[in-house]
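First up is the structure itself, then whatever we jot down about it.
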Amino acid sequence: MNASGPLLSSQPPLFTTRIARNASDVRLAQRLRYDVFVSELGGDGAMVDHQERLERDRFDAFADHILLLDERRAPDEQVIGVYRVMTEDMAARAGRFYCEAEYDLRPLRQHGQPLLELGRSCLHADYRGGPAMWHLWSALADYATRRQIKVLFGVASFHGTDVMSLSQPLSLLFQRHRAPEQLRVKAIGPTALSMDMQPAETLDRVAAVRAIPALIKAYLRLGGTVGDGAFVDHDFNTVDICLILQSDAIDGLQRAIMAKGADRG
């Protein structure tokens, strides 16, 4: 599958969602992840399979994979959106949550509310800026509601590892969107860094907001907050932050989805 595979018709997309049912479904998710994270964004890693064009890691075997499909595409190119999600039980079987290599999650674990880690979120380039993300979020909200999840969290990324070029958006996130102290996870490891890089009075707020990726801004609009510190991930060519959404954000997501559906008539 390439990043612009052929459509079966010129009709509008026919979106459906499901949890990956078998190894073939997971491979389709990994293929899309390769197209986005490796081919498009320049990431790499020890388990990336360049010959088969698969972006994968050991956590895939323990997680659920929420798939967004466009059924008007060729059968092996229908997966056009992915979320990898892990409950606490899944993380226990894997040995830890994925992002515990980057963040100390003790505040979340000690909070005592059911947790769900979000990861490897991506959307095919042809479907960005349209309704596809709403369909994927609807499936995510349904998944969280059915499992009575109260806190969603996971790393979200700025492309590139030039930290100084990100000083304005990172500082803005630190100053205006930090999580409550009882949920405030902290970046760890040799590439962890402070997000408080510029004083508030020197920030160009418009430029800072413009530099924040669209997905992060969408989470913030839902009431999302960020942990303390960023993490430079050289394998994926990103600077990561940890986003945290509580149950009211899940409720807000569902209301936004319903409103969006009403807007479409």
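Numbering starts at 1 and runs along the sequence shown.
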Please evaluate residues D35 and H124 with respect to the criterion side chain to side chain contact (heavy atoms under 4.5 Å, CB included), reporting the C-alpha separation (whole Å), side-chain torsions for both, the decisive distance (0.1 Å), and the verdict. CA-CA 8 Å; D35 288 342; H124 189 294; 5.8 Å; no
Could you walk me through whether L183 and Q246 satisfy the side chain to side chain contact (heavy atoms under 4.5 Å, CB included) test, starting with their C-alpha distance in whole Å, then the side-chain angles of each, then the deciding distance to 0.1 Å, before giving a yes or no? CA-CA 10 Å; L183 296 176; Q246 298 182 71; 3.3 Å; yes
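- In this structure, L152 CG and I244 CD1 are separated by 11.0 Å, a value rounded to the nearest 0.5 Å.
- Ring-centre distance between F97 and F153: below the 6.0 Å cut-off.
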Audit row: M47, Q30, side chain to side chain contact (heavy atoms under 4.5 Å, CB included) steps and yes/no: CA-CA 11 Å; M47 292 185 66; Q30 294 168 337; over 6 Å; no
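- Note on Y34 and L68: separate hydrophobic clusters, where clusters join Ile, Leu, Val, Met, Phe, Trp and Tyr whose side-chain heavy atoms are under 4.5 Å apart, directly or indirectly.
- A cation-pi arrangement, defined by a distance under 6.0 Å to the six-membered ring centre and an angle within 45 degrees of its axis, is present between R147 and Y143.
- Following chains of ILVMFWY side-chain contacts shorter than 4.5 Å, one can reach F236 starting from V82, so the two form part of one hydrophobic cluster.
- With rounding to the nearest 0.5 angstrom, the NE2 atom of H135 is 9.0 Å from the OG1 atom of T17.
- Panel note: side chain E117, backbone T87; no donor-acceptor pair is recorded below 3.5 Å.
- Between Y98 and F59, the ring-plane angle classifies as perpendicular under the 30° and 60° cut-offs.
- Using modelled atom types, no side-chain atom of S138 and backbone atom of W134 make a donor-acceptor pair closer than 3.5 Å.
- Residues C242 and Y103 approach most closely at N-OH, 3.4 Å, considering heavy atoms.
- Here OG of S121 is found 6.0 Å from CG of L136. Values are rounded to the nearest 0.5 Å.
- Side-chain N or O atoms of S39 include none that pairs as donor or acceptor with a backbone N or O of V36 at under 3.5 Å.
- Looking at E52 and R27, a side-chain N of the basic residue comes within less than 4.0 Å of a carboxylate O on the acidic one, giving a salt bridge.
- Atom CZ of R106 is surrounded by 12 or fewer heavy atoms from other residues, nucleotides or ligands within 6.0 Å.
- Looking only at distances, no side-chain donor or acceptor of D228 sits under 3.5 Å from a matching main-chain atom of V185.
- Side-chain contact, T238 with D240: a donor N or O sits under 3.5 Å from an acceptor N or O.
- Geometric assessment of R176 against the ring of F174 yields a negative cation-pi assignment under the 6.0 Å and 45° thresholds.
- Listed here is the closest heavy atom pair of D204 and Q168: N-OE1, 2.6 Å.
- The residues D25 and R18 are annotated as salt-bridged, a charged nitrogen and a carboxylate oxygen being separated by less than 4.0 angstrom.
- Side-chain atoms of E55 do not come within 3.5 Å of backbone N or O of R120 as any donor-acceptor pair.
- Of all the heavy atoms in D60 and H65, the pair that sits closest is O-NE2, 3.0 Å.
- V79 and V38 fall into different hydrophobic clusters, where Ile, Leu, Val, Met, Phe, Trp and Tyr side chains are chained together by heavy-atom contacts under 4.5 Å.
- In the displayed structure, E181 atom CD is contacted under 6.0 Å by at most 12 heavy atoms of other residues, nucleotides or ligands.
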Is there a side chain to side chain contact (heavy atoms under 4.5 Å, CB included) between D233 and V239 once you walk through the steps? CA-CA 6 Å; D233 187 338; V239 173; over 6 Å; no
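- Between R72 and D70 there is no salt bridge, since none of the side-chain N atoms of the basic residue sits less than 4.0 Å from a carboxylate O of the acidic one.
- Between I149 atom CD1 and Q113 atom CD the span is 10.5 Å, to the nearest 0.5 Å.
- Of the charged side-chain nitrogens involved, at least one lies within less than 4.0 Å of a carboxylate oxygen, so that R84 and D57 count as a salt-bridged pair.
- Of all heavy-atom pairs spanning P213 and S157, the tightest one is CG-O, 3.5 Å.
- Between H159 and L41, the closest heavy-atom pair is CE1-O, 2.8 Å.
- Salt bridge annotation for D49-R53: absent, with no cationic side-chain nitrogen under 4.0 angstrom from a carboxylate oxygen.
- I241 contributes atom CD1, which lies 7.5 Å from atom CD1 of I212 (distance to the nearest 0.5 angstrom).
- With S165 contributing its side chain and D162 its backbone, the two residues share a donor-acceptor pair below 3.5 Å.
- A distance-only check finds a donor-acceptor pair linking the side chain of S171 to the backbone of S167 [under 3.5 Å].
- Minimum heavy-atom separation, A101 to F231: O-CE1, 4.1 Å.
- Hydrophobic clustering of Ile, Leu, Val, Met, Phe, Trp and Tyr side chains at less than 4.5 Å, counting indirect connections, keeps L54 apart from L28.
- Residue-environment remark: CD (E201) exceeds the threshold of 12 foreign heavy atoms within 6.0 Å.
- By the 4.0 Å N-to-carboxylate-O rule, R33 lies too far from E40 to be salt-bridged with it.
- L166 and M197 fall within the same hydrophobic cluster, where Ile, Leu, Val, Met, Phe, Trp and Tyr residues are linked whenever their side-chain heavy atoms come under 4.5 Å apart, directly or through other members.
- Looking only at atom types and distance, the side chain of H50 has a donor-acceptor partner in the side chain of D44 under 3.5 Å away.
- Here the straight-line distance linking atom CZ of R109 with atom CD of E88 works out to 6.5 Å at 0.5 Å rounding.
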